[in-house]
J.: 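Structure in structure tokens, see below.
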Amino acid sequence: MDSFCLEEWEIWYTFSTYLKASINNLEAAAELLVESEIADCCITSSGETHCRTDNGVVSGKTILELSGDLKKVSAEFKGNSAEVAGFTGYAHEAWLIGIQFLYGEARQISQGRELPTPHLRAFLQPISLVKEEVRISRLYPVIVLYQSGVLLVELRMIAPNNSVEISDFIRDYVNIQQYDYDFAIVPTAISAFAPEAYHYYSNLKANIFQRLDLLQKKRKQKSALQALSRSVESDDFEFKVAPLFSTEGKETITSIAQTLFTIVGFIAKCPISSIGFLIEGVPKLPEIGEYWIGRPHIHLIRHSNQLESSSENEELNKNFFGQILARVPEGNSDFSVYLPLDSRRSEDYAAYITSAATLWVWSKSGLESQEQLVNINRGHLIYEHQVQVELLEYGFILYKSLVEKSKELNEYPAILAIRRDLSELKSKMIETTPYGEVRDLLSKGWEQMNLEAMQSQISENLSILENELKFIESKQGDNFRVYLTILGLIASASFAKSIVSPFWNALSLWLPSNENWAELFLAGVSAMLIILIVLFLKLFIYR
């Protein structure tokens, strides 16, 4: 069997990082993302909802009603005001997707759990990466921001209408991160916010006159942006778009994700007004972590050679599945060695998880079991799996943030706090879900992502820091003792005169007959007493 074609699929290219600060007001950040027109719809894990309308933004709450067996759901939006304007077409579509993610979380995540922390999910208008005369790649961004500071940018790619050979699929879609594009077409608000967010994160020192000049340049840039922006129609929706300004003269899927990282960090701080910027300068923004990673999460719905059960499907197509995970477009090798064990026990779909990618493959029987739940966006086949992907990414990046933090601590209480968090984190992560099947999948996924190695690295970093602190404190203690001894010797003369001499005379103890020698003798006795006191302090107090 030499050919393998993919007929229906999606790839969610997920970039993960973290902000070095907790997001204390998720709802305010969610509302700002929509008000600033970065997102069209934003839903928090508690159901707080903000969506765009033709007249601005409407806010309220999305309320889910679940059946007892969790197999059926209905949703309702309740606005905060008496009169609620209708969502724009794209915002309504995004809201429906948001409902399905809320439903997927309700079905899989324990109520009252500590992890993952509350989060917001923002749906952005599509972004197009353009390589002139070669390719146009369209991405549908979703931002997931957790209260803990963990930040995911998911770039959704949807299959074209025609089937794709496996070599083209890997080269043109799975490996999209390797391509440079001439420019990116983005929602106008992203094009406007990106330079400002990058400027603030560069934290350039500027006096009030330089800041005034920057504000004037910003106004000119917005005017130029208005001239460059245009309306385009796509998928029954109309979008206002503009080119994304780039200092490097090229764009990649990675640069898009990093641009969104900076915009989210900027928005999370609540953008400063022009007057505030002029008077106060650049605000302190939440620092973006030094580590980030991007990997594809591949959802195969229909493909050639598809069989009834996932085990039969694997047996027949394991070489092709391994080739996808190895991300090698062509070759005659035995790619099945790159296919890990299926992390799922049932026969409806298979879940293959590696440290570089995940692959979710439906079987024919699995698709038939989902026919009553058909969704035009394949949501019933993808979104619950993507919820599991987000849990995997969340746990991974949370550990990575602890690795970085474990290198920077300089106090014992902070080290003890990290040790306590580390000892509790694994059990909290597993307790994320009450279902054994999902727990097994998460455990196997985190094992592939080398969380155990990261735990060991964190513990080793903390031990090194503890030893460094002990050494520093030891040196400081030695210096203190030296200073104390010198001070004692200096003070011994007055100590001899005011305390030792009267005490010595009262006891009628022996003294040299010469008065000068007697004073020197008493000074020596005083010095010895002070040294004994210092030795006592060293042995029993300053240990």
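Quick note: numbers below take in every heavy atom, side chains included, and nothing from hydrogens, waters or symmetry partners. Residue numbers run from 1 in the order of the sequence given.
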J.: Taking the side chain from T14 and the backbone from E154, do they hold a donor-acceptor pair closer than 3.5 Å?
T.: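 No; zero donor-acceptor contacts below 3.5 Å.
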J.: Is a side-chain donor-acceptor pair under 3.5 Å present for Q455 with Y399?
T.: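 Checked: Y399/Q455 side chains pair up, N/O donor to acceptor below 3.5 Å.
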J.: Do L6 and L300 have side chains that approach each other closer than 4.5 Å (heavy atoms only, starting at C-beta)?
T.: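 Heavy-atom side-chain distance check passes, below 4.5 Å.
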J.: Looking at the rings of F123 and W95, which for Trp means the six-membered one, are their centres under 6.0 Å apart?
T.: no
J.: Measure the spacing between CZ of R138 and OG of S128 and express it to the nearest 0.5 Å.
T.: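 If I round to the nearest 0.5 Å, the distance is 4.0 Å.
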J.: For residues E8 and H299, is any side-chain donor paired with an opposing acceptor at under 3.5 Å?
T.: no
J.: N377 and E10: which non-hydrogen atoms are nearest, and at how many Å?
T.: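 For N377 and E10, the tightest heavy-atom pair comes out as O-OE2, 3.6 Å.
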J.: Considering residues, nucleotides and ligands other than I464, do more than 12 of their heavy atoms fall under 6.0 Å from its CD1?
T.: yes
J.: When you measure from the side chain of N461 to the backbone N and O of S406, does any donor-acceptor pair fall under 3.5 Å?
T.: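 No, because the side chain of N461 does not come within donor-acceptor range (under 3.5 Å) of the backbone of S406.
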J.: Check the pair H119 / E105 against side-chain contact (heavy atoms from CB on, under 4.5 Å), numbers first and verdict last.
T.: CA-CA 12 Å; H119 59 276; E105 291 171 349; 2.9 Å; yes
J.: If you apply the rule salt bridge (Lys or Arg N to Asp or Glu O under 4.0 Å), what do you find for E251 with K131, and how did you get there?
T.: CA-CA 9 Å; E251 289 292 350; K131 185 79 169 177; over 6 Å; no
J.: Compute the ring centroids of H385 and W12, then answer whether they are less than 6.0 Å apart.
T.: no
J.: To the nearest 0.5 angstrom, please state how far the CE atom of M454 sits from the OG atom of S459.
T.: 12.5 Å
J.: Do any N or O atoms from the side chain of Q306 and from the backbone of I301 form a donor-acceptor pair under 3.5 angstrom?
T.: yes
J.: Centre of F396's six-membered ring, under 6.0 Å away, within 45 degrees of the axis: is that where NZ or CZ of R295 sits?
T.: yes
J.: Between H297 and Y13, does the ring centroid distance fall short of 6.0 Å?
T.: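 Centroid distance H297-Y13: not below 6.0 Å, so no.
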J.: Is it the case that the side chain of S456 and the backbone of E452 share a donor-acceptor pair, with hydrogens and angles ignored and the cut-off at 3.5 Å?
T.: yes
J.: Looking only at side chains, do D334 and S336 share a donor and an acceptor under 3.5 Å apart?
T.: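 Side chains of D334 and S336: pair found under 3.5 Å.
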J.: Could you give the distance from CD1 (I176) to OH (Y179), rounded to the nearest 0.5 Å?
T.: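 Interatomic distance, I176 CD1 to Y179 OH, rounded to 0.5 Å: 9.0 Å.
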J.: Could you walk me through whether L152 and L145 pass the side-chain contact (heavy atoms from CB on, under 4.5 Å) test, one step at a time?
T.: CA-CA 6 Å; L152 310 181; L145 175 62; over 6 Å; no
J.: Step by step, would you call Q386 with V389 a side-chain contact (heavy atoms from CB on, under 4.5 Å)?
T.: CA-CA 5 Å; Q386 196 60 27; V389 163; 3.6 Å; yes
J.: Begin from the C-alpha positions of F169 and W9 and carry the test ring-ring contact (aromatic ring centres under 6.0 Å, His included) through to its verdict.
T.: CA-CA 10 Å; F169 175 70; W9 53 268; 4.9 Å; yes
J.: Quick one: does F4's side chain get under 4.5 Å of N305's, heavy atoms only?
T.: yes
J.: Do you know which two heavy atoms are closest between S363 and S310, and how far apart they sit?
T.: CB-N, 3.6 Å
J.: Does atom OH (Y383) have a neighbourhood of more than 12 heavy atoms from anything else shown, all under 6.0 Å?
T.: yes
J.: Distance under 6.0 Å and angle within 45° of the ring axis: does R171 meet both against Y173?
T.: no
J.: Taking the side chain as everything from C-beta on, heavy atoms only, tell me whether L124 gets closer than 4.5 Å to V142.
T.: no
J.: Quick check on D236: does its CG atom have over 12 non-hydrogen neighbours (other residues, nucleotides or ligands) under 6.0 Å away?
T.: no
J.: Checking N175 side chain against R327 main chain: does a donor-acceptor pair fall under 3.5 Å?
T.: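 Looks like yes, one N/O pair under 3.5 Å.
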J.: For Y338 versus P340, what's the shortest heavy-atom pair and its separation?
T.: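 Reported closest heavy-atom pair: O-CD, 3.3 Å.
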J.: Within the 4.5 Å heavy-atom criterion, are I263 and E196 side-chain neighbours or not?
T.: no
J.: Taking P329's backbone N and O only, do any of them form a donor-acceptor pair with S167's side chain (distance below 3.5 Å, no angle check)?
T.: no
J.: Tell me whether T252 contacts the main-chain N or O of D180 through its side chain, where contact means a donor paired with an acceptor under 3.5 Å.
T.: no
J.: If you take all heavy atoms of E48 and E27, which pair is closest and at what distance?
T.: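 That closest heavy-atom pairing would be OE1-OE2, 3.7 Å.
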J.: Tell me whether N319 contacts the main-chain N or O of F335 through its side chain, where contact means a donor paired with an acceptor under 3.5 Å.
T.: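 Checking the backbone N and O of F335 against the side chain of N319, a donor-acceptor pair under 3.5 Å is found.
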J.: Taking C-beta and beyond as the side chain, do Q323 and I170 meet within less than 4.5 Å on heavy atoms?
T.: yes
J.: Of the non-hydrogen atoms in I353 and S343, which two are nearest, and what is the gap between them?
T.: CD1-OG, 4.0 Å
J.: Flag the pair K364 and E312 as a salt bridge only when some basic side-chain nitrogen lies within less than 4.0 angstrom of an acidic carboxylate oxygen.
T.: no
J.: When you check the gap from the basic side-chain N to the acidic O, do K407 and E290 get nearer than 4.0 Å?
T.: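 Salt bridge absent between K407 and E290.
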J.: Under a 3.5 Å threshold, yes or no: a donor from one side chain and an acceptor from the other, between T259 and Y198?
T.: yes
J.: Is there side-chain contact between F15 and I253, with heavy atoms separated by less than 4.5 Å?
T.: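 Yes; the side chains approach each other to less than 4.5 Å.
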J.: Calculate, to the nearest 0.5 Å, the distance between atoms CZ and OG1 belonging to F237 and T88 respectively.
T.: 8.5 Å
J.: How close do S304 and S3 get, counting heavy atoms only, and between which atoms?
T.: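 Looks like OG-O, 4.4 Å.
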J.: Strictly distance-based, threshold 3.5 Å: is any side-chain N or O of T354 a donor or acceptor partner for the main-chain N or O of A356?
T.: yes
J.: In the structure I gave you, are the side-chain heavy atoms of T17 and I288 within less than 4.5 Å of one another anywhere?
T.: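 In contact.
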J.: Just by distance, with hydrogens left out, do N24 and Q147 show a side-chain donor and acceptor under 3.5 Å apart?
T.: no
J.: Answer yes if the side chains of S148 and Y394 hold a donor-acceptor pair under 3.5 Å, and no otherwise.
T.: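 Yes - a donor-acceptor pair under 3.5 Å links their side chains.
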J.: In Å and rounded to the nearest 0.5 Å, what is the CZ to CD distance from R302 to E7?
T.: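 It comes to 8.5 Å.
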J.: Under the 6.0 Å and 45° cation-pi test, does K400 pair with Y291?
T.: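 The answer is yes; both the distance and angle limits are met.
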J.: Does a side chain donor of either T49 or T62 reach within less than 3.5 Å of an acceptor in the other side chain?
T.: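 Looking only at side-chain atoms, T62 and T49 do form a donor-acceptor pair, the distance falling under 3.5 Å.
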J.: Hey, are S16 and W292 close enough side-chain-wise for a donor-acceptor pair under 3.5 Å?
T.: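 There is no such pair (donor and acceptor under 3.5 Å, judged by atom type) between the side chains of W292 and S16.
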J.: Classify the ring geometry of W362 against Y349: parallel below 30°, tilted from 30° to 60°, perpendicular beyond 60°.
T.: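 Geometry flag for Y349 against W362: tilted rings.
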J.: Under 4.5 Å between any side-chain heavy atoms of L151 and I143, yes or no?
T.: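 They are in side-chain contact.
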J.: For the CD atom of Q457 and the CG atom of L402, what is their distance to the nearest 0.5 Å?
T.: 11.0 Å
J.: Are the side chain of W446 and the backbone of L392 linked by a donor-acceptor contact shorter than 3.5 Å?
T.: yes
J.: Evaluate the criterion side-chain contact (heavy atoms from CB on, under 4.5 Å) for residue pair Y352 and V361; output intermediate values, then yes/no.
T.: CA-CA 8 Å; Y352 305 106; V361 186; 4.2 Å; yes
